[in-house]
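Scroll down for the structure; my scribbles are underneath it.
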Amino acid sequence: MKGDLRLVVHQNHPLANQETVSWDNLREESFIIFREGYQVHELIMQACKLNGFEPNVICETSQWKFIMEMVSFNQGITILPQSDLKEIDVSEGKIKVIPLIPHINLQIGIAWKKTAISPTLLELGSILLKPS
């Protein structure tokens, strides 16, 4: 799977009407992100550092839904991976998804032994590869 990182903000956020947003424009924002240990956390921290700032992280979690709820309550912004196959679901809240400049591309792969294919693994594959 391929994709990139996207900015997610509340629909009333000052950046919500932008076509794209520069990483540098996030310097004063409050970040709600996945906790340390997640690859997306490392990518966000590195991108901010490359742009000359340390993000103001107000919340770290392992829960995608919690992050989306916090953004939908306008408590901060987040940066999430968006797959080429499936867009970030914005139906649950009043949020906007905006491409970041420069783009940070992701590529995710899954591997398994041919002799160890289980029904659960087949179901996971069908979910991940299903077009939106």
Side-chain angles (χ1 to χ4, degrees):
M1 260 189 329
K2 294 180 182 180
D4 63 350
L5 293 181
R6 300 288 174 104
L7 174 64
V8 182
V9 299
H10 187 273
Q11 68 182 7
N12 294 334
H13 189 280
L15 298 173
N17 293 321
Q18 302 295 315
E19 292 290 321
T20 60
V21 172
S22 164
W23 283 88
D24 190 54
N25 291 340
L26 305 179
R27 174 177 304 275
E28 302 298 322
E29 297 295 334
S30 298
F31 284 71
I32 302 161
I33 62 174
F34 281 104
R35 67 181 181 192
E36 193 171 341
Y38 284 79
Q39 182 63 32
V40 69
H41 180 279
E42 301 307 318
L43 291 170
I44 292 166
M45 300 307 278
Q46 289 172 5
C48 292
K49 185 176 181 180
L50 284 172
N51 284 278
F53 70 98
E54 186 173 323
N56 175 27
V57 178
I58 61 165
C59 180
E60 291 184 358
T61 182
S62 62
Q63 303 297 314
W64 180 289
K65 186 171 178 145
F66 179 73
I67 291 172
M68 297 297 277
E69 286 175 354
M70 291 289 287
V71 173
S72 73
F73 290 128
N74 206 13
Q75 297 301 301
I77 66 160
T78 194
I79 296 170
L80 296 174
Q82 179 167 290
S83 161
D84 288 347
L85 298 175
K86 187 172 182 174
E87 293 184 3
I88 296 171
D89 182 10
V90 296
S91 63
E92 299 255 343
K94 300 173 180 179
I95 57 177
K96 301 276 284 202
V97 178
I98 307 164
L100 287 160
I101 303 295
H103 298 286
I104 295 183
N105 296 315
L106 303 170
Q107 187 165 351
I108 300 169
I110 299 175
W112 59 84
K113 292 181 182 180
K114 286 184 181 179
T115 58
I117 298 176
S118 69
T120 303
L121 185 58
L122 290 172
E123 180 66 20
L124 175 63
S126 70
I127 291 169
L128 293 175
L129 298 175
K130 184 173 147 182
S132 55

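These numbers come from the heavy atoms of this one structure, side chains and all, not from hydrogens, waters or symmetry mates.
Put simply, the side chain of Ile79 reaches to within 4.5 Å of the side chain of Trp23, judged on heavy atoms. Under the 4.5 Å side-chain criterion, counting only non-hydrogen atoms from C-beta, Ile95 is in contact with Met68. Counting heavy atoms from C-beta outward, Thr61 and Ile67 have side chains that approach closer than 4.5 Å. When side chains are defined from C-beta on, Val97 counts as touching Gln82, because their heavy atoms get closer than 4.5 Å.
A single hydrophobic cluster is seen to contain both Trp64 and Val9, as judged by linkage of ILVMFWY side chains at heavy-atom distances under 4.5 Å, directly or through other members.
If you take SG on Cys59 and CE on Met70, they are separated by 5.0 Å, rounding to the nearest 0.5 Å. The line from CG of Asn74 to NE2 of His13 is 7.0 Å long, rounded to the nearest 0.5 Å. Rounding to the nearest 0.5 angstrom, the gap separating the CD1 atom in Ile58 from the OG atom in Ser30 is 4.5 Å.
The two residues Pro14 and Gln18 come nearest to each other via the heavy atoms O-NE2, 4.5 Å.
Residues satisfying the side-chain hydrogen bond (donor to acceptor under 3.5 Å, both in side chains) test with His10, not counting sequence neighbours, are none. With sequence neighbours excluded, no residue forms a ring-ring contact (aromatic ring centres under 6.0 Å, His included) with Phe66.
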In a table with atom names and distances, give each donor-acceptor pair under 3.5 Å that connects a side chain of residues 34-53 to protein atoms at least two apart or in another chain.
from	atom 1	to	atom 2	distance (Å)
His41	NE2	Glu60	OE2	3.2
Asn51	ND2	Ala47	O	2.8

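Each of Val71, Ile98, Leu15, Leu26 was scored for a side-chain contact (heavy atoms from CB on, under 4.5 Å) with Ile77, with one residue passing: Leu26.
In terms of modelled atom types and a separation under 3.5 Å, the side chain of Thr78 and the main chain of Ile32 share a donor-acceptor contact.
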Run the side-chain contact (heavy atoms from CB on, under 4.5 Å) check on Leu100 and Thr20 step by step: do they pass?
CA-CA 6 Å; Leu100 287 160; Thr20 60; over 6 Å; no
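Residue pairs that meet the salt bridge (charged side-chain N to carboxylate O under 4.0 Å, His left out) test with at least one member in residues 6-17, sequence neighbours left out, are Asp4-Arg6.
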